[in-house]
Amino acid sequence: LNIDNKGFYTVKPARITDETDKNHALASLSITHQNFSNWYLDVRIDSANNLKCLTTTATDDDLYYGVGYADGSCRIYGPFDRISMDIKLKTRKNTQIFLMYSDVEENVVGGFVKFRDHFGKPTGKEKKQSSGSIYRINIELQATPDAEAQFVIDKRLGDIIRGRGEGMLRMLYDENGQFSLYGNYAVSEGDYVCSLPGINVLTRKIALDRGGTISWSGDPFNAVLNMTGSFEKKISPSALMYAVSSVGNKSYPATRIISQLIMK
């Protein structure tokens, strides 16, 4: 670490590791000042290799949590009271992320869920400044099938979309305190556990077909889903052909009926 009259900084990148002591990255640090005022921070993390970047639970954040491993880089910089972050990551194995839709309306009609707009209609007049010292966060995420994502629609009823896939996503927390999400996510495999409320809640687990997509164009709570899936149900052929007199009381092997689900 070098120190002079302008601040202090690392002479060469230092090797850092996560708790496994195996996954690593290179880090550089610079903290400068002007006569011990106007302090400026510049931290760079490069060449991250399967580094553990996230370890949180539902009690830490009501929007998302989980465990994340990734390759990539990160820069944290700016005046101490206006810190910005530029992050580029590619997900790695053992990553599991939960996205919580905590403000959905009550699911009173099976298969139909409404999401509330967290941001309201933009007026273009008064700007809401970001809180604390965080000024701006820009994350570019390359999702891979190594990572599992779970979209928890209704935790109480167990409505969850779980899947693996790939895509490029951009998450932005801007200087106005707004959080935005952009990009497309293509499903490789997964399932949708949906509930049909009534006297007794009926739950269906629907296997998602490969190639379905989830797209965001800004509002993280207004995703466009274009997916197909199916579920299996065992029934007797006699239930389908009860009107055919020749069936009588004969017993037949159970038949699997496939139903299609389309969500847009």
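Here the CD atom belonging to Gln150 is positioned 9.5 Å from the CZ atom belonging to Arg164, to the nearest 0.5 angstrom. Here the CZ-SG distance, from Arg44 to Cys74, works out to 10.5 Å after rounding to the nearest 0.5 Å. If you take OH on Tyr135 and CG on Asp174, they are separated by 9.0 Å, rounding to the nearest 0.5 Å. Rounding to the nearest 0.5 Å gives a distance of 15.0 Å between NZ of Lys88 and CD1 of Ile45. The CZ atom of Phe98 lies 7.0 Å from the CD atom of Glu148; values are rounded to the nearest 0.5 Å.
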Discussion item. What verdict does the side chain to side chain contact (heavy atoms under 4.5 Å, CB included) test give for Met227 and Asp209, after you've listed the backbone C-alpha separation in whole Å, the side-chain angles of each residue and the deciding distance to 0.1 Å?
Written reply: CA-CA 7 Å; Met227 297 185 289; Asp209 295 333; over 6 Å; no
Item to complete: Given side chain to side chain contact (heavy atoms under 4.5 Å, CB included), test Met85 with Ile134 step by step and report yes or no.
Response: CA-CA 8 Å; Met85 301 182 189; Ile134 300 300; 3.7 Å; yes
Discussion item. Side chain to side chain contact (heavy atoms under 4.5 Å, CB included) for Asp191 and Val193? Distances and angles first, verdict last.
Written reply: CA-CA 6 Å; Asp191 52 61; Val193 179; 4.1 Å; yes
Practice prompt. Show your reasoning for whether side chain to side chain contact (heavy atoms under 4.5 Å, CB included) applies to Ile161 and Leu208.
Written response: CA-CA 9 Å; Ile161 297 176; Leu208 299 178; 4.1 Å; yes
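Scanning all heavy atoms of the two residues, the minimum distance from Phe8 to Ile3 falls at CB-CG1, 3.6 Å. When all heavy atoms of His24 and Lys22 are compared, the closest pair comes out as CD2-O, 3.5 Å. Scanning both residues, Ala48 and Ala25, for their nearest heavy atoms gives CA-CB, 3.6 Å. Nearest heavy atom pair, residue Gly229 against residue Ile206, reads C-CG2, 3.7 Å. The nearest pair of heavy atoms linking Gly78 to Ile83 is O-CD1, 3.6 Å.
Two different hydrophobic clusters hold Tyr182 and Ile214 under the rule that ILVMFWY side chains link at heavy-atom gaps under 4.5 Å. Hydrophobic clustering (ILVMFWY, side-chain heavy atoms < 4.5 Å, transitive): Ile97 and Tyr173 are in one cluster. Side-chain heavy atoms closer than 4.5 Å link hydrophobic residues (I, L, V, M, F, W, Y) into clusters, and following such links, even through other members, never connects Leu51 to Val43. Residue Ile87 is grouped with residue Leu54 when hydrophobic side chains (ILVMFWY) are merged at heavy-atom distances under 4.5 angstrom, including chains of intermediate members. When the side chains of ILVMFWY residues are joined at heavy-atom separations under 4.5 Å, either directly or via intervening members, Phe179 and Leu141 end up in a single hydrophobic cluster.
Judged by distance alone, the side chains of Thr213 and Asn184 never bring a donor and an acceptor atom under 3.5 Å apart. For the 3.5 Å distance criterion, the side chains of Tyr77 and Asp86 qualify, holding a donor opposite an acceptor.
Checking side-chain atoms of Tyr185 against main-chain N and O of Gly165 turns up a donor-acceptor pair under 3.5 Å. Counting only distance, with no hydrogens or angles, the side chain of Thr91 and the backbone of Thr144 share a donor-acceptor pair below 3.5 Å. Put simply, the side chain of Thr10 gets close to the backbone of Leu29: a donor and an acceptor are under 3.5 Å apart. Thr95 places a side-chain N or O within donor-acceptor distance of the main-chain N or O of Tyr69, the cut-off being under 3.5 Å. In terms of modelled atom types and a separation under 3.5 Å, the side chain of Asp46 and the main chain of Leu26 share no donor-acceptor contact. Although no hydrogens or angles enter the test, the distance criterion places no donor-acceptor pair under 3.5 Å between the side chain of Arg75 and the main chain of Asp42.
Taking the six-membered ring where tryptophan is involved, the planes of His33 and Trp39 are tilted, since the angle between them lies from 30° to 60°.
In this structure, Asp4 places its CG atom where more than 12 heavy-atom neighbours from other residues, nucleotides or ligands lie under 6.0 Å away.
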